[in-house]
Structures are given as C-alpha cells and as structure tokens.
Amino acid sequence: MATFLYKIGRLAYRRRWYFALTWLLLLVLAGAGAATASKSSNNDFSIPGTEAQQAFDLLEKRFPGNNEQNASARVVFKAPEGQKLTDAKNKAAVEKVIGDLKRSPQVATAVDPFLGQSVNPSGTTGYASVAYKVKSMDLEESSRDELKDAAQDGRDAGLTVEVGGSVLQSMPEGGSEAIGIAVSAVVLLITFGSLVAAGLPLLTAIIGVGIGVSSIAALAPVLDLSTNTSTLAMMIGLAVGIDYALFIVSRYRAELAEGREREEAAGRAVGTAGSAVVFAGLTVVIALAGLAVVNIPMLTKMGMAAAGTVAIAVLIALTFIPALLGFAGKQVLARKVRKAKPGAAADEKANMGTRWARFVLRKPVLVLVAGVLGLGAMAVPAASLELGLPDDGAASKNTTQRKAYDLLSEGFGPGFNGPLMVVGDVAGAKDPKGAMDKVQNTLKGLGNVATVTPAQFNKAGDAATLLVVPKSKPTSVETEDLVHEIRDKGAAAGADAGAKVLVTGATAMNIDVSQKLNDALLPYLALVVGLAFLLLMVVFRSVLVPLKAALGFLLSVVAALGAVVAVFQWGWLGSLFGVEETGPIMSMMPIFMVGVVFGLAMDYEVFLVTRMREAFVHGERPGQAVVTGFKHGARVVTAAAIIMISVFAGFIGSSEQMIKMIGFGLAIAVFFDAFVVRMAIVPAVLALLGKAAWWMPGWLGKVLPNVDVEGEKLQERLTDEAPERVADREPAREPSGV
C-alpha cells in the first residue's frame, strides 16, 4: 500500500498540471450537470415492511389521483377576542382570503372552512385546507407570495391568520458551512504558520465538496434524493476533506524538515500519511454505506451520497494535494523555517503533545479512570432517550407554522395536529359498510380518542378510510399507545367482519420509523463495528488496539447521545444552541450517530496510532512509541478535530431541526472522541498494555494481508535503491518560478 501510494504521490507531483486540470474539469462538469438538472422534490419517508407503509400503498392503489405528496397548506383563522368567525365581518374576511387563494394558478382546491367541519364548536377558530397541483419543491415563489399576501389580507381585516403545511418547505438554508470554513482557516493558519499551507486543505476540500454536492444535485431527479442529502454530504465532506488534506500537507512539511527534496517528500507523505487517509476514509465509507441495512430508502440514499463525497475527499488528498504541493514549492513552510539555513539544528524543546504523552505514561490509571467516569456521567441522560420525528410543534415559536400548530391545538384539542388514518380493505367483506361501522364503533370506545369520522369509501367500494383524532398530542407516549391499541382492537373488530384494518398517517409513520430504527440498531452496529474491527486489525497488525478503538467509540457515542438528550429533550443550555422547544429526539439520530461518528472517530485512531505503530515497528519501546506518536501527531490531530467540530457546529444555526440536531450531535461526539478517548484514554490504555498492545497470534498474522501502512517496506526499498535526495538538490524538471 505505502509503496503504491508513494508512486502515486510522486507521479501527481511531476504531472501536476494534468492532475490539477483533471480535478478542475470534473468540478466544471459536475457544476454543469447540477445547473441543468431539475430540482428534486422527494422529502418523503418510505419504510418498507411496516403497517403504515402498507396502508399508504393501499391508499395509492385504491384511491388513485389522491396525491398526498403534492404541496398542501392549512390556513388557520382566529377571530378577535369576544367575536366569532361566523360574524358577518369576519366571515367576509375569511371568504376573501379563500377567494384570493383559489385564483392562484398552482392551487388545485381551497376549501372554505364554513362549508365543512372546519370551525371549532365555540366558533372562534377555523381552518382552510389548500391543495396544490405540484410538490412543494416545484412551487413557484410567486405561489408562496400569493399565500402570504392572502394571509396578510386576513390580518389586515382584524383576524389572526397563520399558515402551516408542506407548502412552506424549502431548500435548507445555505451559509452555515461558512462559519466552519472561517474557523478552519484560522486553525490551519495557526497550525502551519503559512498562508499557502493553510489554504491548500481549504481549497481542495471546497473543490471536493463542490464536485460531490453538484453530482448529487445532478442525480437528484433521477435517484429521488431528498433535499437534506446534499446538506449532509456537504457537512461530512467538508470535515473529512479538510482533515485528510491537513494530514498529507503536515507530513510533507515534516519530510521537508528532514532534508528531503520536494518530489521525494511528496511521495513519502502520500505513501505514509496517505495510507492512513485511505483506511480512515474506508471506515467512514463503510459506516455510511452500512446505513442501507436499516432499509429506509431515504436514509440509504443519504448515506450513499455522503459516502461518495468522502471517497472524493480521499482521492483528492492522494492526487490533487501532491500536485498543488508541486506548485507551492517551499511556500508551504513557515517563513522562519524557509529562512533557516540548511542543516540547522531543529529546536528539540518538547512540544505540548510530548509533554502530555509523558504525563499520561506516568499516570495512566488516573487518566483512564477520569476519562471513563467523565464520559460515563455525560452518558446518563441517554437512558431517558425518547424518539420521534419533529413536526411543526418543534418549530420556532416565531414561525407561522408553529403559531398555526398552536392555534389548532387550542381550538380543536392537542391531538388535532396528529390525526390517525385508519384504512380498511373491505374487498373480502360481505357487508363493507357494516364492517367499517363496527370498526368505527370500536374505536369510539377507546379511552384516548376524541373523535372518529364516518368511513369514506372509494368509488369501487372495496376500501374505506376514517380519521381518528387522539386526545393527546402527536409526539406523546399516550398517542403511541393508542396506535398500538387501534392495531390490536380495531384490527380484531375488522377481521371479525372480513375487513383488514391498517393504521397510517404522519403520527403512525413516525412510530413505525422509530421502531424500525430501534430494531436495526444492533445489527447495524454489529456490521459496521465488525467490518471496521477487521480493517483496523489489518492496519495495526494487532487484536487489542482495534478492540480498544471500538470500545472507546461506544463510550464516546453514548456520551454524545446523552448530551443530545440533555439539550434537545431536557432543554439544558437549550437557549445557547437555539433550541426553543424541547421534545423527542429525531428517530434517526441514534443509528445515524453510530454510523457517522464511528467512521469519523476512527480517523483520529488511524492517524494517531499509525504514527505510534510506525515508531514501534522501527524499533522504539512501546512507551516511547506513544510519545513519538504524540510528538508528531498530537498538534495535527488537535487541529483536525477543532476543524471538524467547527464545521459541524456551524450547522447548529440551521433553521431545520434535523440539521441543527445532527450538527450538534456530531460536533459534541467528535469533541468527546478526539479529546477524551483518543487523546487521553487511548495512550493510557497503550501505556498499561505495553508490548501486548501490538500482539497478534502468528496464525492470524499469516492470514491477514500486510498492507504496510507504516511504510516499513517502503523504507527498506528506498534504502536499497539509492541515497535520499536532499532539499538543496532541486530536480532539473522544476518549472521556473515554482
């Protein structure tokens, strides 16, 4: 591996123009594809194998033309204090709003609240259901403006008017990534002391993310990718892209400092640090691609798209970075290093990494216990984890969606925002109407039911639907219990009459998604951790080091989940992170964090411990190898972790609840894993294990391939071939001015 990558690095350095232009051409082509592609509008959950999905599929088959995927809006009206909507003035104002909406070209229907049961018993609150001809992402901005203008006309007439529904969904806001990039630039400049060296990782990461995100945009209409897919790919692609390039550039500078000429330094940097990049990238790709085992298509596509962006980041680090190093020359070095005389003695003063490693070696038990207890304490809130999917009730209190949600809860009851749709397949029933009447009467007798609507049959008469409005709010445990009760007693009542009864709707979908994700968590964890464990055994030629890496990851991810629960569910420090409303944690969060954080956590394990393994293989004692690893890697790993944390933290400012929660969860998980697990627990465990840390049974060593990540075979080959070229012997083929 190291020898092959060494050749790649030197080739990219020599043929820098070809490699650089190839990557720029790929960026242009991907951008052109994105610019000419139509917008993706798929934000829908599909959860094969669940009752909610079976019911939804039955609805699509038996009620053709009832496309619930199209954009919809619910315009909520409330009369002024002491008045009713049915008062002449207020009624006229409502009807004017409805009339304005009906004239909008993309509106299919707008139902007057006075023509149906859309006004509450007290007459103070009502709503109009508006259906559009297209999906929310295909709505013209003029349609949204017309909706806002119509609502404002109602307000001008004295009514309280708020709007909810999918019509207000839009592409995730951009700009969050700029915060992370700005912080990354400062960290890189401090780390390298050179504008050129600091700029290379940023430039290549932006180009890599540009190619990845543009490719996703170009393929979105074909693959039905959700609008959050590119946001996730950008988030992870930026983080790993900067980090991978950082490690290559850092190793290149170290090789130059040892007196090697530039092409040789580029080759060795890619051969050694590049090997770590390859295996670190593989762990991330395995973790993201492994999300497919959950069997939720949207989650699978998000994982695959992000994995593709990570693969691009790896390829850029191995080929584009050495090419750019050829253009940069010695400008990647700090000014004081460039001005130093060749052969001048380096400053041997122990750096912070060295001092920290020596402290851990002296107090390994203390450091280990403190780290484990600290993360254990942070993990305690995870025991209270409640899962769900956010709705308008979790939106900011300043948004019209949240205000509409609250008005409906106040006017019609807390369960009105989460009705359950009961679907009856009565094709085999002798008396379809009687069967559904029996189901309706059974449901009315359940304790947590507010209302049950009469059954509505399709034209063929072989299917019917009825709505059940719970007394409790959609995300409550009581509503979840009601869904299970309907599926038990309601289904039994239908079966007695020859009907098959299913429950669906957004609330039921959310419950089924949570259950499916819970069921998939352990198999997914076993798959991802198992594959990565084997991969790390190949990298480190050890059994205990990969085991320690996996256990440390589990500790950090549970602690991170605890932090997410404390902030988003309990509300601790919620105002600091812009959390205005607490509630259940997004159903995808645990399994998503397990996948993504495992891959990212292994980055630092590979980068830091590979350098220790390299020192041990080259003859150093186990303790000294730990110090050497920290001496050369701690500063860079620290910078990489801060960069990754800042990139993820930048997304906490997103207005999308899912993106905000993911950004916080990944940022805090990387913090725990990099600074507590990898920087403290790992060296403490290695100090206690000594030589045993690098032990591997002889038979296993023969079975596993030796990929030479630490470059031992590369070093032997280079020593046998020829003396190393030194820095003051510039290659004759260097272009002038470089």
Side-chain angles (χ1 to χ4, degrees), residues 42-70 72 129 131 166 224 294-299 387-389 391 415-429 432-433 435-444 446 448-470 474-475 479-520 587:
N42 179 25
N43 280 311
D44 305 305
F45 272 111
S46 176
I47 42 176
T50 62
E51 180 172 320
Q53 187 64 46
Q54 293 173 18
F56 187 78
D57 294 341
L58 181 64
L59 282 173
E60 286 194 325
K61 182 178 179 181
R62 302 287 178 87
F63 291 83
N66 184 20
N67 191 354
E68 294 185 354
Q69 294 183 358
N70 281 353
S72 62
S129 297
S166 63
D224 289 329
V294 183
N295 196 26
I296 294 180
M298 188 187 81
L299 190 59
L387 298 178
L389 289 176
D391 56 14
F416 188 82
N417 284 296
L420 306 172
M421 178 172 284
V422 178
V423 183
D425 183 353
V426 293
K433 187 178 184 306
M436 292 307 297
D437 287 343
K438 183 176 182 180
V439 171
Q440 181 183 1
N441 291 330
T442 300
L443 299 183
K444 284 182 177 179
L446 300 181
N448 192 31
V449 172
T451 59
V452 181
T453 64
Q456 301 293 322
F457 284 82
N458 63 347
K459 291 182 179 180
D462 58 358
T465 63
L466 53 84
L467 289 179
V468 178
V469 178
T475 56
T479 299
E480 182 176 350
D481 292 340
L482 176 61
V483 170
H484 295 309
E485 196 173 7
I486 293 174
R487 287 174 173 172
D488 181 15
K489 297 181 180 179
D496 291 342
K500 182 179 181 180
V501 175
L502 303 169
V503 183
T504 188
T507 302
M509 278 272 194
N510 293 350
I511 293 170
D512 287 352
V513 166
S514 298
Q515 186 61 51
K516 190 175 183 67
L517 289 167
N518 282 338
D519 294 341
S587 300

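Quantities reported herein were computed from a predicted structural model and do not represent experimental measurements.
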Asker: Could you measure the distance from the OG1 atom of Thr451 to the CG atom of Leu467? Nearest 0.5 Å is fine.
Answerer: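 Rounded to the nearest 0.5 Å, the OG1-CG separation comes out at 8.0 Å.
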Asker: Check whether any side-chain heavy atom of Pro474 lies under 4.5 Å from a side-chain heavy atom of Pro419, and answer yes or no.
Answerer: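 No, every pair of side-chain atoms sits at 4.5 Å or beyond.
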Asker: Under a 3.5 Å cutoff, is there a donor and acceptor pairing between the side chains of Asp462 and Asn458?
Answerer: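 Short answer, yes.
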Asker: Indicate yes or no for a side-chain donor-acceptor contact from Asp488 to the backbone of His484 under 3.5 Å, with no hydrogens or angles considered.
Answerer: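 The answer is no, because no donor-acceptor pair under 3.5 Å joins these two groups.
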Asker: Is it true that, when you exclude Lys500 itself, more than 12 heavy atoms of the residues, nucleotides or ligands shown sit nearer than 6.0 Å to its NZ?
Answerer: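 For Lys500, atom NZ is not crowded (no more than 12 foreign heavy atoms under 6.0 Å).
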Asker: Look up atom CE in Met436 and atom CD in Gln456, then write down how far apart they are to the nearest 0.5 Å.
Answerer: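 The CD atom of Gln456 is 10.0 Å from CE of Met436, to the nearest 0.5 Å.
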Asker: Atom CG in Asp481, atom CG in Asn448: separation rounded to 0.5 Å?
Answerer: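 Going from CG on Asp481 over to CG on Asn448, the span is 8.5 Å.
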Asker: What distance separates Leu299 CG from Ser587 OG, expressed to the nearest 0.5 Å?
Answerer: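 One gets 11.0 Å once the value is rounded to the nearest 0.5 Å.
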Asker: Between Arg487 and Asp512, does at least one N-O distance fall below 4.0 Å, as a salt bridge requires?
Answerer: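 The answer is yes: the pair qualifies as a salt bridge.
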Asker: Identify the heavy atoms of Ala493 and Thr442 that sit nearest to each other, and give their distance.
Answerer: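 Nearest heavy atoms, Ala493 then Thr442: CB-OG1, 3.5 Å.
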Asker: Going by the rule side-chain hydrogen bond (donor to acceptor under 3.5 Å, both in side chains), which residues pair with Lys444 if we only count those two or more places apart in sequence or in a different chain?
Answerer: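 Scan of Lys444 (side-chain hydrogen bond (donor to acceptor under 3.5 Å, both in side chains), adjacent residues dropped) gives none.
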Asker: To check you understand the geometry: which heavy-atom pair defines the closest contact between Gly461 and Val426, and what is its length?
Answerer: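 Looking at all heavy atoms of both residues, the closest pair is O-CG2, 3.7 Å.
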Asker: OG1/Thr479 to CD1/Ile511 distance, rounded to the nearest 0.5 angstrom?
Answerer: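 Output value for this atom pair is 7.0 Å.
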Asker: Going by heavy atoms in the side chains, are Met421 and Phe56 under 4.5 Å from each other?
Answerer: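 Not touching, per the 4.5 Å side-chain cut-off.
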Asker: Can you see which heavy atom on Lys516 is nearest to which on Pro48, and at what distance?
Answerer: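 In this case the closest contact between Lys516 and Pro48 is NZ-O, 3.1 Å.
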Asker: Could you tell me if the side chain of Leu502 sits less than 4.5 Å from the side chain of Val422, heavy atoms only?
Answerer: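 Contact flag for Val422/Leu502 side chains = no.
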Asker: Are side-chain heavy atoms of Thr453 and Val468 found at a separation under 4.5 Å?
Answerer: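 Not touching, per the 4.5 Å side-chain cut-off.
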Asker: Please enumerate all residues that pass salt bridge (charged side-chain N to carboxylate O under 4.0 Å, His left out) together with Asp57, with sequence neighbours excluded.
Answerer: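 Checked Asp57 against salt bridge (charged side-chain N to carboxylate O under 4.0 Å, His left out); zero matches.
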Asker: Would one find more than 12 heavy atoms of other residues, nucleotides or ligands at under 6.0 Å from atom NZ of Lys438?
Answerer: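 Atom NZ in Lys438 is packed in, count exceeds 12.
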Asker: Can you find a pair of side-chain heavy atoms, one from Lys459 and one from Phe63, that are under 4.5 Å apart?
Answerer: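 The answer is no, as the side chains (C-beta and beyond) never meet within the 4.5 Å cut-off.
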Asker: Compare every heavy atom of Val501 with every heavy atom of Ala491, then report the nearest pair and how far apart it is.
Answerer: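 That closest heavy-atom pairing would be CA-CB, 3.9 Å.
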Asker: Flag the pair Ile296 / Leu517 as yes when at least one side-chain heavy-atom distance between them is below 4.5 Å, and no otherwise.
Answerer: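 Yes, side chains in contact.
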Asker: Return the set of residues passing side-chain contact (heavy atoms from CB on, under 4.5 Å) with Ala520 (not counting sequence neighbours), or none when no residue passes.
Answerer: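 side-chain contact (heavy atoms from CB on, under 4.5 Å) check on Ala520 returns Val294, Ile591.
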Asker: What is the minimum heavy-atom distance between Leu482 and Pro470, and which atoms define it?
Answerer: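 So the minimum-distance heavy-atom pair works out to CD2-CB, 3.7 Å.
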Asker: Do you know which two heavy atoms are closest between Ala464 and Ala455, and how far apart they sit?
Answerer: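 Where Ala464 meets Ala455 most closely, the heavy atoms are CB-CB, 4.3 Å.
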Asker: Within the structure provided, determine whether Leu58 and Asp425 are in side-chain contact (heavy-atom separation under 4.5 Å).
Answerer: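 Sidechains of Asp425 and Leu58: in contact.
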Asker: Do Val449 and Val469 have side-chain heavy atoms sitting under 4.5 Å apart?
Answerer: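 No, every pair of side-chain atoms sits at 4.5 Å or beyond.
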Asker: Please test Asn417 against Thr507 for side chain to side chain contact (heavy atoms under 4.5 Å, CB included), starting from the C-alpha separation and ending with a verdict.
Answerer: CA-CA 9 Å; Asn417 284 296; Thr507 302; over 6 Å; no
Asker: For the CE atom of Met509 and the CG atom of Leu420, what is their distance to the nearest 0.5 Å?
Answerer: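 The distance works out to 12.5 Å.
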